Amino acid sequence: MGDKAKRLVLVVSGKGGVGKTTFSRLMTDIYRERNAKAAIFDADGQIGGLVRVYHDAGVNFYDLRQDAERVTLLNSIASDADVILHDLPGGSRFEISKIVDNGDGEQVEGFLAALSENGVRLTLVHVIDADFSHLRQFQIIL
């Protein structure tokens, strides 16, 4: 068998406050318990919930919303870790589209191609809110 592919885990959501950091904390604890070679990133420079909990444990901190720091997401794949986890702020697709693509919030093909070219497997963990009250507009009346 060949070398094990590196995995990039992006914890995402369309909004804040749905539990992305809680999920990221769980995964960080699991990686540590299993002595996994993992690099952990908190990309929410405005809140920094993950880095506040693990402030002395080597969690990397940056702000995905800042032009000068955004490339940290793509540059992280150069890490020698087997798994690279990023706790992203809510609504990050627009910011990811600015890294390699045209920044329209829709196109991320360049970003995905860069991962593929570097042999990185992408895992998206989309955390959703358990409150479905906002879905009332989609109810079907029979």
Side-chain angles (χ1 to χ4, degrees), residues 1-140:
M1 282 214 161
D3 292 338
K4 190 168 119 178
K6 188 178 295 192
R7 179 174 301 279
L8 176 65
V9 178
L10 301 181
V11 183
V12 302
S13 181
K15 64 184 220 106
V18 297
K20 293 181 302 296
T21 298
T22 300
F23 179 84
S24 296
R25 285 180 62 186
L26 171 67
M27 293 307 299
T28 298
D29 290 343
I30 289 171
Y31 295 145
R32 290 172 137 203
E33 182 180 296
R34 295 181 180 178
N35 294 315
K37 198 170 186 180
I40 310 297
F41 290 81
D42 184 334
D44 194 344
Q46 295 176 7
I47 305 289
L50 191 60
V51 79
R52 282 186 294 181
V53 173
Y54 299 105
H55 64 278
D56 60 348
V59 171
N60 301 283
F61 186 54
Y62 70 102
D63 190 344
L64 185 69
R65 297 177 190 98
Q66 298 297 316
D67 291 339
E69 298 180 34
R70 188 175 297 116
V71 72
T72 302
L73 175 57
L74 188 56
N75 289 344
S76 72
I77 66 173
S79 164
D80 65 347
D82 295 327
V83 63
I84 303 152
L85 181 137
H86 287 260
D87 181 15
L88 299 181
S92 296
R93 184 176 66 191
F94 182 73
E95 302 303 334
I96 293 170
S97 76
K98 292 179 182 179
I99 296 172
V100 176
D101 299 285
N102 64 11
D104 65 0
E106 299 295 327
Q107 305 300 314
V108 292
E109 283 82 6
F111 177 75
L112 297 175
L115 297 180
S116 179
E117 290 165 9
N118 286 281
V120 176
R121 293 180 299 163
L122 176 63
T123 299
L124 290 175
V125 178
H126 187 190
V127 182
I128 59 172
D129 192 338
D131 177 15
F132 294 106
S133 63
H134 62 281
L135 297 177
R136 286 188 193 135
Q137 63 182 331
F138 299 109
Q139 287 180 337
I140 299 173

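As the structure is a computational prediction, the values presented were derived from the model and not from experiment.
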Self-check item: Residues which pass side-chain contact (heavy atoms from CB on, under 4.5 Å) with Thr22, listed by chain and number, not counting sequence neighbours
Solution: none
Quiz item: Just by modelled atom types, is the Ala38 backbone N or O under 3.5 Å from a matching donor or acceptor in the Asp82 side chain?
Solution: no
Exercise. Using the test side-chain hydrogen bond (donor to acceptor under 3.5 Å, both in side chains), find all partners of Asn75 that sit at least two apart in sequence or belong to another chain.
Key: none
Self-check item: Pairs satisfying side chain to side chain donor-acceptor pair (under 3.5 Å), at least one member in residues 43-53, at least two apart
Solution: Asp44-Arg65
Practice problem: For the residue pair Pro89 and Leu64, establish whether any side-chain heavy-atom pair is separated by less than 4.5 Å. | Solution: yes
Practice problem: Output all residues satisfying side-chain hydrogen bond (donor to acceptor under 3.5 Å, both in side chains) with Ser24, sequence neighbours left out; order by chain, then residue number. | Solution: none
Quiz item: Should Tyr54 and Ile40 count as side-chain neighbours, where that means a heavy-atom distance under 4.5 Å?
Solution: no
Exercise. Please report the shortest heavy-atom distance between Phe61 and Val51, naming the atom on each side.
Key: CD1-CG1, 3.6 Å
Quiz prompt | Pairs meeting criterion salt bridge (Lys or Arg N to Asp or Glu O under 4.0 Å) with involvement of residues 22-42, two or more places apart | solution = Lys37-Asp80
Quiz item: Who pairs with Glu106 by side-chain hydrogen bond (donor to acceptor under 3.5 Å, both in side chains), at least two apart in sequence or on another chain?
Solution: Arg93
Exercise. Sequence neighbours left out, what passes side-chain contact (heavy atoms from CB on, under 4.5 Å) with Ser79? Give chain and number order.
Key: Ala39, Ala81, Ile84
Quiz prompt | Partners passing salt bridge (charged side-chain N to carboxylate O under 4.0 Å, His left out) against Asp104 (at least two apart in sequence or in another chain) | solution = none
Practice problem: With sequence neighbours excluded, tell me which residues meet salt bridge (charged side-chain N to carboxylate O under 4.0 Å, His left out) with Lys98. | Solution: Glu95
Self-check item: Tyr62: ring pair (Phe, Tyr, Trp, His ring centres under 6.0 Å) partners, not counting sequence neighbours
Solution: His86
Quiz item: Which residues pass the side-chain hydrogen bond (donor to acceptor under 3.5 Å, both in side chains) test with Tyr31, sequence neighbours left out?
Solution: none
